[in-house]
Trainee: 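My structure is below; once you've seen it, I'll send some questions.
Chain letters run A, B, ... following the sequence lines, proteins first, then strands; residues in each count from 1.
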There are 2 protein chains.
Amino acid sequence: MDMTRKLTAAAERLFDRHGYMATGMDRLTDAAGMSSRTLYKHAGSKAALMARVLTERDRRFMARLEVRTVDALFAALEDWVRVEGCRGCLFLRSRAETGGDTPGIAEAVAAHKEAFHRRVGEVVATDLGREDPALAEQVLVLFEGATHAAVYRGAQTVSAAKAAAAILLERARS
Amino acid sequence: MDMTRKLTAAAERLFDRHGYMATGMDRLTDAAGMSSRTLYKHAGSKAALMARVLTERDRRFMARLEVRTVDALFAALEDWVRVEGCRGCLFLRSRAETGGDTPGIAEAVAAHKEAFHRRVGEVVATDLGREDPALAEQVLVLFEGATHAAVYRGAQTVSAAKAAAAILLERARS
DNA sequence: GCAAATGTAAAACGTTCGTTTTACATTTGT
DNA sequence: ACAAATGTAAAACGAACGTTTTACATTTGC
(Lines give C-alpha, C1' and ligand atoms only; values in the text may rest on other atoms or scores of the structure.)
Protein backbone atom coordinates (compact mmCIF):
# COMPACT_ATOMS: atom_id res chain seq x y z
CA MET A 1 0.00 0.00 0.00
CA ASP A 2 1.88 3.01 1.35
CA MET A 3 -0.45 5.69 0.08
CA THR A 4 2.04 8.51 0.48
CA ARG A 5 4.59 6.97 -1.86
CA LYS A 6 1.93 5.98 -4.37
CA LEU A 7 0.56 9.52 -4.32
CA THR A 8 3.95 11.16 -4.71
CA ALA A 9 4.87 8.92 -7.62
CA ALA A 10 1.58 9.51 -9.42
CA ALA A 11 1.82 13.26 -8.83
CA GLU A 12 5.37 13.44 -10.15
CA ARG A 13 4.32 11.65 -13.31
CA LEU A 14 1.32 13.90 -13.96
CA PHE A 15 3.02 17.18 -13.04
CA ASP A 16 5.97 16.27 -15.25
CA ARG A 17 3.88 15.27 -18.23
CA HIS A 18 1.11 17.87 -18.17
CA GLY A 19 2.38 20.68 -15.95
CA TYR A 20 1.55 21.71 -12.41
CA MET A 21 -1.31 24.10 -13.11
CA ALA A 22 -2.87 21.95 -15.81
CA THR A 23 -3.08 18.92 -13.52
CA GLY A 24 -6.33 18.94 -11.54
CA MET A 25 -6.85 17.25 -8.20
CA ASP A 26 -9.37 14.77 -9.60
CA ARG A 27 -6.80 13.56 -12.10
CA LEU A 28 -4.44 13.09 -9.18
CA THR A 29 -6.96 11.14 -7.11
CA ASP A 30 -7.71 8.94 -10.11
CA ALA A 31 -4.05 8.25 -10.87
CA ALA A 32 -3.16 7.63 -7.23
CA GLY A 33 -6.26 5.47 -6.74
CA MET A 34 -7.48 7.19 -3.61
CA SER A 35 -10.23 9.49 -2.42
CA SER A 36 -9.69 13.22 -2.25
CA ARG A 37 -10.03 13.05 1.52
CA THR A 38 -7.10 10.65 1.80
CA LEU A 39 -5.10 12.73 -0.64
CA TYR A 40 -5.51 15.86 1.45
CA LYS A 41 -4.69 13.99 4.65
CA HIS A 42 -1.35 12.96 3.15
CA ALA A 43 -0.54 15.98 1.00
CA GLY A 44 -2.07 18.94 2.80
CA SER A 45 -2.47 20.97 -0.36
CA LYS A 46 -1.60 20.93 -4.04
CA ALA A 47 1.41 23.20 -3.51
CA ALA A 48 2.67 21.06 -0.61
CA LEU A 49 2.30 17.99 -2.81
CA MET A 50 4.37 19.62 -5.55
CA ALA A 51 7.00 20.58 -2.97
CA ARG A 52 7.17 16.99 -1.77
CA VAL A 53 7.41 15.73 -5.34
CA LEU A 54 10.37 18.05 -5.89
CA THR A 55 12.12 17.02 -2.67
CA GLU A 56 11.71 13.38 -3.59
CA ARG A 57 12.91 13.98 -7.14
CA ASP A 58 15.95 15.85 -5.84
CA ARG A 59 16.85 12.82 -3.70
CA ARG A 60 16.49 10.46 -6.63
CA PHE A 61 18.32 12.72 -9.10
CA MET A 62 21.21 13.66 -6.85
CA ALA A 63 21.77 10.01 -5.91
CA ARG A 64 22.60 9.38 -9.54
CA LEU A 65 25.17 12.15 -9.60
CA GLU A 66 27.41 10.53 -7.00
CA VAL A 67 30.28 10.19 -9.44
CA ARG A 68 33.91 11.17 -9.62
CA THR A 69 34.43 12.25 -13.22
CA VAL A 70 32.78 14.74 -15.54
CA ASP A 71 32.34 11.97 -18.08
CA ALA A 72 30.37 9.94 -15.54
CA LEU A 73 28.28 13.01 -14.80
CA PHE A 74 27.01 13.11 -18.37
CA ALA A 75 26.72 9.33 -18.47
CA ALA A 76 24.40 9.68 -15.47
CA LEU A 77 22.35 12.24 -17.41
CA GLU A 78 22.20 9.84 -20.36
CA ASP A 79 20.76 7.20 -18.05
CA TRP A 80 18.35 9.70 -16.54
CA VAL A 81 16.85 10.82 -19.84
CA ARG A 82 16.64 7.22 -21.01
CA VAL A 83 14.55 6.37 -17.94
CA GLU A 84 12.67 9.63 -17.38
CA GLY A 85 12.45 11.06 -20.87
CA CYS A 86 13.29 14.57 -22.09
CA ARG A 87 10.84 17.07 -20.72
CA GLY A 88 13.27 19.69 -19.39
CA CYS A 89 13.99 20.45 -15.76
CA LEU A 90 10.93 19.94 -13.56
CA PHE A 91 12.40 22.24 -10.92
CA LEU A 92 12.78 25.23 -13.22
CA ARG A 93 9.42 24.49 -14.80
CA SER A 94 7.70 24.43 -11.42
CA ARG A 95 9.26 27.72 -10.45
CA ALA A 96 8.30 29.31 -13.76
CA GLU A 97 4.71 28.06 -13.60
CA THR A 98 4.21 29.48 -10.12
CA GLY A 99 6.03 32.74 -10.84
CA GLY A 100 8.52 31.83 -8.10
CA ASP A 101 6.19 33.00 -5.35
CA THR A 102 4.80 29.78 -3.93
CA PRO A 103 6.81 29.31 -0.71
CA GLY A 104 7.29 25.54 -0.49
CA ILE A 105 7.96 25.18 -4.20
CA ALA A 106 10.39 28.07 -4.60
CA GLU A 107 12.42 26.78 -1.66
CA ALA A 108 12.57 23.21 -2.95
CA VAL A 109 13.80 24.50 -6.30
CA ALA A 110 16.41 26.77 -4.73
CA ALA A 111 17.68 23.95 -2.51
CA HIS A 112 17.96 21.58 -5.45
CA LYS A 113 19.77 24.00 -7.71
CA GLU A 114 22.19 24.94 -4.98
CA ALA A 115 22.94 21.27 -4.29
CA PHE A 116 23.32 20.64 -8.00
CA HIS A 117 25.73 23.52 -8.41
CA ARG A 118 27.81 22.32 -5.46
CA ARG A 119 27.89 18.78 -6.83
CA VAL A 120 29.11 19.88 -10.24
CA GLY A 121 31.88 21.86 -8.56
CA GLU A 122 32.89 18.81 -6.54
CA VAL A 123 32.95 16.49 -9.54
CA VAL A 124 35.03 18.93 -11.58
CA ALA A 125 37.45 19.37 -8.66
CA THR A 126 37.79 15.63 -8.17
CA ASP A 127 38.28 14.94 -11.86
CA LEU A 128 40.74 17.80 -12.40
CA GLY A 129 42.61 17.45 -9.12
CA ARG A 130 41.94 21.06 -8.17
CA GLU A 131 39.10 23.53 -7.89
CA ASP A 132 38.14 25.37 -11.07
CA PRO A 133 34.93 27.38 -10.60
CA ALA A 134 34.98 28.79 -14.14
CA LEU A 135 35.20 25.32 -15.65
CA ALA A 136 32.54 24.09 -13.26
CA GLU A 137 30.22 26.83 -14.45
CA GLN A 138 30.80 25.76 -18.04
CA VAL A 139 30.07 22.13 -17.20
CA LEU A 140 26.91 23.21 -15.39
CA VAL A 141 25.83 25.16 -18.46
CA LEU A 142 26.47 22.13 -20.67
CA PHE A 143 24.46 19.91 -18.34
CA GLU A 144 21.53 22.32 -18.19
CA GLY A 145 21.75 22.87 -21.92
CA ALA A 146 21.70 19.17 -22.73
CA THR A 147 18.66 18.73 -20.49
CA HIS A 148 16.70 21.45 -22.24
CA ALA A 149 17.90 21.04 -25.80
CA ALA A 150 16.99 17.36 -25.54
CA VAL A 151 13.33 18.39 -25.40
CA TYR A 152 13.41 19.20 -29.12
CA ARG A 153 16.73 17.73 -30.33
CA GLY A 154 16.53 14.41 -28.53
CA ALA A 155 18.98 12.56 -26.29
CA GLN A 156 21.86 13.17 -28.71
CA THR A 157 22.34 16.55 -27.02
CA VAL A 158 23.68 14.73 -23.97
CA SER A 159 26.46 13.07 -25.96
CA ALA A 160 27.20 16.44 -27.57
CA ALA A 161 27.50 18.01 -24.14
CA LYS A 162 29.63 15.14 -22.90
CA ALA A 163 32.06 15.53 -25.80
CA ALA A 164 32.24 19.28 -25.31
CA ALA A 165 32.92 18.87 -21.59
CA ALA A 166 35.73 16.42 -22.35
CA ILE A 167 37.42 18.99 -24.57
CA LEU A 168 37.10 21.75 -21.97
CA LEU A 169 38.47 19.45 -19.29
CA GLU A 170 41.38 18.31 -21.42
CA ARG A 171 42.28 21.91 -22.09
CA ALA A 172 42.07 22.81 -18.42
CA ARG A 173 44.47 19.97 -17.64
CA SER A 174 47.25 21.11 -19.93
CA MET B 1 -3.41 53.18 -30.10
CA ASP B 2 -3.10 49.87 -32.02
CA MET B 3 -4.86 47.57 -29.58
CA THR B 4 -3.42 44.41 -31.07
CA ARG B 5 0.17 45.41 -30.42
CA LYS B 6 -0.63 46.68 -26.94
CA LEU B 7 -2.40 43.43 -26.13
CA THR B 8 0.39 41.24 -27.46
CA ALA B 9 3.02 43.15 -25.51
CA ALA B 10 1.06 43.04 -22.27
CA ALA B 11 0.33 39.33 -22.74
CA GLU B 12 3.97 38.49 -23.40
CA ARG B 13 4.99 40.28 -20.22
CA LEU B 14 2.41 38.52 -18.04
CA PHE B 15 2.83 35.07 -19.57
CA ASP B 16 6.60 35.35 -19.20
CA ARG B 17 6.51 36.55 -15.60
CA HIS B 18 3.71 34.44 -14.15
CA GLY B 19 3.18 31.57 -16.58
CA TYR B 20 0.52 30.87 -19.17
CA MET B 21 -1.94 28.94 -17.02
CA ALA B 22 -1.54 31.21 -13.99
CA THR B 23 -2.39 34.33 -16.00
CA GLY B 24 -6.15 34.92 -16.03
CA MET B 25 -8.00 36.85 -18.71
CA ASP B 26 -9.00 39.62 -16.32
CA ARG B 27 -5.35 40.29 -15.55
CA LEU B 28 -4.76 40.51 -19.27
CA THR B 29 -7.60 42.94 -19.86
CA ASP B 30 -6.35 45.09 -16.98
CA ALA B 31 -2.75 45.11 -18.20
CA ALA B 32 -3.73 45.77 -21.82
CA GLY B 33 -6.23 48.43 -20.76
CA MET B 34 -9.15 47.09 -22.77
CA SER B 35 -12.45 45.35 -22.29
CA SER B 36 -12.70 41.57 -22.55
CA ARG B 37 -14.89 42.01 -25.61
CA THR B 38 -12.15 43.90 -27.45
CA LEU B 39 -9.57 41.39 -26.29
CA TYR B 40 -11.51 38.49 -27.76
CA LYS B 41 -12.12 40.35 -30.98
CA HIS B 42 -8.37 40.73 -31.45
CA ALA B 43 -7.10 37.52 -29.88
CA GLY B 44 -9.80 34.95 -30.55
CA SER B 45 -8.87 32.85 -27.55
CA LYS B 46 -6.27 32.57 -24.82
CA ALA B 47 -4.36 29.85 -26.69
CA ALA B 48 -4.42 31.90 -29.91
CA LEU B 49 -3.11 34.88 -27.97
CA MET B 50 -0.25 32.80 -26.59
CA ALA B 51 0.51 31.52 -30.08
CA ARG B 52 0.65 35.10 -31.36
CA VAL B 53 2.88 36.13 -28.47
CA LEU B 54 5.27 33.33 -29.40
CA THR B 55 5.28 34.19 -33.09
CA GLU B 56 6.01 37.82 -32.27
CA ARG B 57 8.73 36.87 -29.80
CA ASP B 58 10.32 34.57 -32.37
CA ARG B 59 10.51 37.49 -34.79
CA ARG B 60 12.09 39.75 -32.19
CA PHE B 61 14.50 37.11 -30.91
CA MET B 62 15.65 35.80 -34.27
CA ALA B 63 16.25 39.35 -35.53
CA ARG B 64 18.91 39.68 -32.83
CA LEU B 65 20.65 36.51 -33.99
CA GLU B 66 21.48 37.85 -37.43
CA VAL B 67 25.20 37.62 -36.79
CA ARG B 68 28.22 36.07 -38.45
CA THR B 69 30.30 34.73 -35.56
CA VAL B 70 29.68 32.44 -32.62
CA ASP B 71 31.04 35.12 -30.33
CA ALA B 72 28.44 37.57 -31.60
CA LEU B 73 25.79 34.92 -31.05
CA PHE B 74 26.51 34.87 -27.33
CA ALA B 75 26.92 38.64 -27.25
CA ALA B 76 23.38 38.80 -28.63
CA LEU B 77 22.22 36.54 -25.82
CA GLU B 78 23.97 38.79 -23.32
CA ASP B 79 22.01 41.73 -24.70
CA TRP B 80 18.80 39.75 -24.65
CA VAL B 81 19.02 38.72 -21.01
CA ARG B 82 20.02 42.26 -20.05
CA VAL B 83 16.85 43.58 -21.67
CA GLU B 84 14.44 40.72 -21.04
CA GLY B 85 15.78 39.16 -17.85
CA CYS B 86 16.54 35.52 -17.08
CA ARG B 87 13.37 33.51 -16.92
CA GLY B 88 14.29 30.60 -19.17
CA CYS B 89 12.94 29.91 -22.64
CA LEU B 90 9.31 31.02 -23.00
CA PHE B 91 8.84 28.62 -25.91
CA LEU B 92 9.84 25.51 -24.00
CA ARG B 93 7.93 26.72 -20.96
CA SER B 94 4.77 27.22 -23.00
CA ARG B 95 5.05 23.77 -24.49
CA ALA B 96 5.63 22.21 -21.08
CA GLU B 97 2.74 24.05 -19.47
CA THR B 98 0.31 22.90 -22.13
CA GLY B 99 1.66 19.34 -22.29
CA GLY B 100 2.54 19.94 -25.94
CA ASP B 101 -1.02 19.31 -27.09
CA THR B 102 -2.39 22.79 -27.75
CA PRO B 103 -2.24 23.08 -31.55
CA GLY B 104 -1.31 26.72 -32.14
CA ILE B 105 1.20 26.78 -29.32
CA ALA B 106 2.97 23.51 -30.08
CA GLU B 107 3.41 24.59 -33.70
CA ALA B 108 4.79 28.02 -32.83
CA VAL B 109 7.32 26.38 -30.50
CA ALA B 110 8.34 23.79 -33.07
CA ALA B 111 8.76 26.46 -35.75
CA HIS B 112 10.88 28.61 -33.47
CA LYS B 113 13.17 25.82 -32.33
CA GLU B 114 13.66 24.61 -35.87
CA ALA B 115 14.56 28.15 -37.01
CA PHE B 116 16.87 28.55 -34.03
CA HIS B 117 18.63 25.27 -34.77
CA ARG B 118 19.08 26.25 -38.41
CA ARG B 119 20.45 29.68 -37.46
CA VAL B 120 23.03 28.22 -35.09
CA GLY B 121 24.18 25.89 -37.84
CA GLU B 122 24.52 28.82 -40.24
CA VAL B 123 26.47 30.95 -37.79
CA VAL B 124 28.87 28.11 -36.99
CA ALA B 125 29.35 27.41 -40.70
CA THR B 126 30.02 31.08 -41.46
CA ASP B 127 32.43 31.50 -38.57
CA LEU B 128 34.29 28.25 -39.22
CA GLY B 129 34.28 28.44 -43.01
CA ARG B 130 32.61 25.03 -43.33
CA GLU B 131 29.66 23.07 -42.01
CA ASP B 132 30.17 21.28 -38.70
CA PRO B 133 26.88 19.85 -37.40
CA ALA B 134 28.49 18.29 -34.32
CA LEU B 135 30.03 21.60 -33.28
CA ALA B 136 26.75 23.37 -34.03
CA GLU B 137 24.95 21.00 -31.71
CA GLN B 138 27.44 21.79 -28.97
CA VAL B 139 27.00 25.52 -29.48
CA LEU B 140 23.23 25.07 -29.38
CA VAL B 141 23.57 23.17 -26.11
CA LEU B 142 25.71 25.96 -24.66
CA PHE B 143 23.19 28.58 -25.77
CA GLU B 144 20.25 26.71 -24.30
CA GLY B 145 22.23 25.95 -21.17
CA ALA B 146 23.21 29.57 -20.60
CA THR B 147 19.58 30.60 -21.02
CA HIS B 148 18.35 28.18 -18.39
CA ALA B 149 21.25 28.21 -15.94
CA ALA B 150 20.96 32.01 -15.89
CA VAL B 151 17.61 31.60 -14.12
CA TYR B 152 19.42 30.63 -10.91
CA ARG B 153 23.09 31.48 -11.62
CA GLY B 154 22.57 34.86 -13.22
CA ALA B 155 23.81 36.39 -16.46
CA GLN B 156 27.37 35.18 -15.81
CA THR B 157 26.37 31.85 -17.36
CA VAL B 158 26.25 33.57 -20.75
CA SER B 159 29.90 34.65 -20.52
CA ALA B 160 30.79 31.13 -19.35
CA ALA B 161 29.04 29.69 -22.39
CA LYS B 162 30.67 32.22 -24.67
CA ALA B 163 34.13 31.31 -23.39
CA ALA B 164 33.42 27.60 -23.73
CA ALA B 165 32.18 28.06 -27.29
CA ALA B 166 35.34 29.98 -28.19
CA ILE B 167 37.47 27.06 -27.00
CA LEU B 168 35.43 24.52 -28.96
CA LEU B 169 35.61 26.68 -32.07
CA GLU B 170 39.33 27.24 -31.77
CA ARG B 171 39.85 23.52 -31.48
CA ALA B 172 37.66 22.81 -34.48
CA ARG B 173 39.75 25.24 -36.49
CA SER B 174 43.09 23.54 -35.90
C1' DG C 1 -25.31 62.92 -41.86
C1' DC C 2 -25.88 58.49 -41.14
C1' DA C 3 -24.70 53.72 -41.14
C1' DA C 4 -20.98 50.63 -40.00
C1' DA C 5 -17.37 49.78 -37.20
C1' DT C 6 -15.03 49.84 -32.88
C1' DG C 7 -14.75 50.75 -28.36
C1' DT C 8 -16.31 50.32 -22.98
C1' DA C 9 -18.58 48.50 -18.76
C1' DA C 10 -20.58 44.89 -16.59
C1' DA C 11 -23.39 40.98 -16.01
C1' DA C 12 -24.03 36.32 -17.04
C1' DC C 13 -22.67 31.76 -19.09
C1' DG C 14 -21.61 26.97 -17.67
C1' DT C 15 -17.46 24.67 -16.16
C1' DT C 16 -13.84 23.57 -13.42
C1' DC C 17 -10.88 24.72 -9.76
C1' DG C 18 -8.82 23.43 -4.93
C1' DT C 19 -10.68 22.14 -0.73
C1' DT C 20 -13.95 20.56 2.96
C1' DT C 21 -17.59 17.88 4.66
C1' DT C 22 -21.01 14.25 5.46
C1' DA C 23 -21.97 9.49 5.97
C1' DC C 24 -20.29 5.11 6.23
C1' DA C 25 -17.00 0.84 5.86
C1' DT C 26 -12.86 -1.39 7.17
C1' DT C 27 -8.63 -2.23 9.53
C1' DT C 28 -5.71 -2.20 13.70
C1' DG C 29 -3.60 -1.95 18.47
C1' DT C 30 -4.36 -3.14 23.12
C1' DA D 1 -14.05 -6.68 21.68
C1' DC D 2 -14.06 -2.20 21.21
C1' DA D 3 -12.33 2.41 20.37
C1' DA D 4 -9.25 4.89 17.45
C1' DA D 5 -7.47 5.30 13.15
C1' DT D 6 -7.74 5.04 8.26
C1' DG D 7 -9.95 4.29 4.28
C1' DT D 8 -13.93 5.19 0.40
C1' DA D 9 -17.70 7.53 -2.17
C1' DA D 10 -19.87 11.51 -3.20
C1' DA D 11 -21.92 15.83 -2.43
C1' DA D 12 -21.11 20.51 -1.51
C1' DC D 13 -18.28 24.76 -0.96
C1' DG D 14 -17.27 29.43 -2.75
C1' DA D 15 -14.14 31.21 -5.96
C1' DA D 16 -12.11 31.66 -10.32
C1' DC D 17 -11.82 30.09 -14.94
C1' DG D 18 -12.36 31.24 -20.25
C1' DT D 19 -15.86 33.02 -22.98
C1' DT D 20 -20.23 35.31 -24.58
C1' DT D 21 -23.72 38.62 -24.32
C1' DT D 22 -26.41 42.81 -23.38
C1' DA D 23 -26.66 47.69 -23.49
C1' DC D 24 -24.63 51.77 -24.70
C1' DA D 25 -20.99 55.41 -26.29
C1' DT D 26 -17.76 57.02 -29.60
C1' DT D 27 -15.34 57.26 -33.85
C1' DT D 28 -14.99 56.83 -38.91
C1' DG D 29 -15.79 56.39 -44.15
C1' DC D 30 -18.59 57.54 -47.83
Trainee: When clusters are formed by joining ILVMFWY residues with side-chain heavy atoms under 4.5 Å apart, either directly or through shared neighbours, do B/Val53 and B/Trp80 land in the same one?
Mentor: no
Trainee: For a side-chain contact (heavy atoms from CB on, under 4.5 Å) check, start with the C-alpha distance between A/Val83 and A/Arg64, then their side-chain angles and the critical distance, and finish with the verdict.
Mentor: CA-CA 12 Å; A/Val83 175; A/Arg64 285 179 174 261; 4.0 Å; yes
Trainee: Output the rounded distance in Å from CG (B/Leu28) to P (D/dT19).
Mentor: 11 Å
Trainee: Write down the distance between CG (A/Asp2) and P (D/dG7), rounded to a whole number of angstrom.
Mentor: 10 Å
Trainee: Would you say A/Leu77 and A/Lys162 make side-chain contact, with heavy atoms under 4.5 Å?
Mentor: no
Trainee: Name all pairs fulfilling the ring-ring contact (aromatic ring centres under 6.0 Å, His included) condition that reach into residues 110-139 of chain B, sequence neighbours left out, sorted by first residue then second.
Mentor: B/Phe61-B/His112, B/Phe91-B/His112, B/Phe116-B/Phe143
Trainee: When hydrophobic residues are tied together by side-chain contacts of less than 4.5 Å, even through go-betweens, does A/Val120 share a cluster with A/Ile167?
Mentor: yes
Trainee: Could you tell me whether the phosphate oxygens of C/dT6, OP1 or OP2, come under 4.0 Å of any side-chain nitrogen or oxygen in B/Thr38?
Mentor: no
Trainee: For the side chain of A/His42, counting heavy atoms from C-beta on, which of D/dG7, D/dT20, C/dG7 is nearest?
Mentor: D/dG7
Trainee: Is it the case that the side chains of A/Thr8 and A/Arg52 hold a donor-acceptor pair, with the cut-off being a distance below 3.5 Å and no angle test?
Mentor: yes
Trainee: Do A/Glu84 and A/Arg60 touch side chain to side chain, with heavy atoms closer than 4.5 Å?
Mentor: yes
Trainee: Show your reasoning for whether side-chain contact (heavy atoms from CB on, under 4.5 Å) applies to B/Arg95 and A/Val151.
Mentor: CA-CA 10 Å; B/Arg95 212 186 86 150; A/Val151 175; 3.4 Å; yes
Trainee: So that I can tick it off, tell me whether B/Asp30 and B/Arg27 are bridged by a salt bridge, with the cut-off set at under 4.0 angstrom between side-chain N and carboxylate O.
Mentor: no
Trainee: Nearest whole Å is fine: how far is D/dG18 C1' from B/Leu39 CG?
Mentor: 11 Å
Trainee: With side chains defined as the heavy atoms from C-beta onward, is the minimum distance between A/Glu144 and A/Cys89 less than 4.5 Å?
Mentor: yes
Trainee: Does B/Tyr20 have B/Lys46 sitting over its ring (NZ/CZ under 6.0 Å from centre, angle to axis within 45°)?
Mentor: yes
Trainee: Taking the side chain as every heavy atom from C-beta outward, state whether A/Ser94 and A/Leu90 have any atom pair closer than 4.5 Å.
Mentor: yes
Trainee: Nearest whole Å is fine: how far is C/dT8 P from B/Asp30 CG?
Mentor: 12 Å
Trainee: Taking atom P of D/dA9 as reference, at what distance in whole Å does atom CE of A/Met34 sit?
Mentor: 12 Å
Trainee: For the pair made of CG in A/Leu14 and P in C/dG18, what is the distance, rounded to whole Å?
Mentor: 12 Å
Trainee: Enumerate the protein-to-nucleotides 11-17 of chain D contacts in which both atoms are nitrogen or oxygen and the separation is below 3.5 Å.
Mentor:
none

Trainee: Report each atom pair, protein N/O against N/O of nucleotides 23-25 of chain C, whose distance is under 3.5 angstrom.
Mentor:
from, atom 1, to, atom 2, distance (Å)
C/dA23, N6, A/Arg37, NH1, 2.9

Trainee: Nearest 0.5 Å please: distance from the NZ atom of A/Lys41 over to the OG1 atom of A/Thr4.
Mentor: 11.0 Å
Trainee: Expressed in angstrom and rounded to an integer, what is the separation of A/Lys41 atom NZ from D/dG7 atom P?
Mentor: 7 Å
Trainee: Could you state the OH-C1' distance from B/Tyr40 to C/dT8, rounded to the nearest angstrom?
Mentor: 17 Å
Trainee: Going by the ring-ring contact (aromatic ring centres under 6.0 Å, His included) test, which pairs reach into residues 149-174 of chain B, not counting sequence neighbours?
Mentor: none
Trainee: Please list, in numerical order, the residues of residues 94-108 of chain B that have a heavy atom closer than 4.0 Å to any atom of DNA chain D.
Mentor: none
Trainee: Any base atoms under 4.0 Å from B/Gly44, or only sugar-phosphate, or nothing? Heavy atoms, all strands.
Mentor: nothing
Trainee: Both atom distances under 3.5 Å, Watson-Crick or G-U wobble: I'd like the secondary structure of DNA chain C as a dot-bracket string, with | for pairs made across strands.
Mentor: |||||||||||||||||.||||||||||||
